[in-house]
Amino acid sequence: MGQFFPDADQFPLEDQIKHLGDDELLDFWEETQYIERMLVEEENPEADHSQEYERVILQELMLRTCRRRALVSER
């Protein structure tokens with residue numbers, strides 16, 4: 001289960017998502033996609049941040065996949 005950081009501004013996004021489970025991470029990605037669509041519809045300049053979220057989420061998922069493969073190959 002993920003953790004809530006009360007002072008989230010002090011923790012980079014990369015550190016925050018490391019504490020999320022796989023399902024929570026995918027839920028977070030889905031929420032960022034929904035928010036991005038809303039911002040784009042409103043022509044809000046903050047919509048550009050969604051690419052950063054997506055990059056960080058994909059990077060974390062790739063890292064987790066590599067770790068799992070390494071554990072399986074060690075057995």
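Annotation for E60 and L25: closest pair CG-CD2, 3.9 Å, computed over non-hydrogen atoms.
Interatomic distance, E41 CD to E36 CD, rounded to the nearest 0.5 Å: 10.5 Å. Here the CG atom belonging to L63 is positioned 4.0 Å from the CZ atom belonging to R67, to the nearest 0.5 angstrom.
Exactly one of L26, I17, V56 qualifies for a side chain to side chain contact (heavy atoms under 4.5 Å, CB included) with L61. That residue is L26.
Residues passing the salt bridge (charged side-chain N to carboxylate O under 4.0 Å, His left out) test with R68, sequence neighbours excluded: D22. Residues that satisfy the side chain to side chain contact (heavy atoms under 4.5 Å, CB included) test with Q59, not counting sequence neighbours, are R55. In this structure L58 satisfies the side chain to side chain contact (heavy atoms under 4.5 Å, CB included) test together with E54, sequence neighbours excluded.
Residues T32 and F28 form a side-chain contact, since some pair of their non-hydrogen atoms from C-beta on lies under 4.5 Å apart. Under the 4.5 Å side-chain criterion, counting only non-hydrogen atoms from C-beta, E30 is not in contact with Y34.
Ion pair K18/E14 not flagged as a salt bridge, since none of the NZ, NE, NH1 or NH2 atoms sits closer than 4.0 Å to an Asp/Glu carboxylate oxygen.
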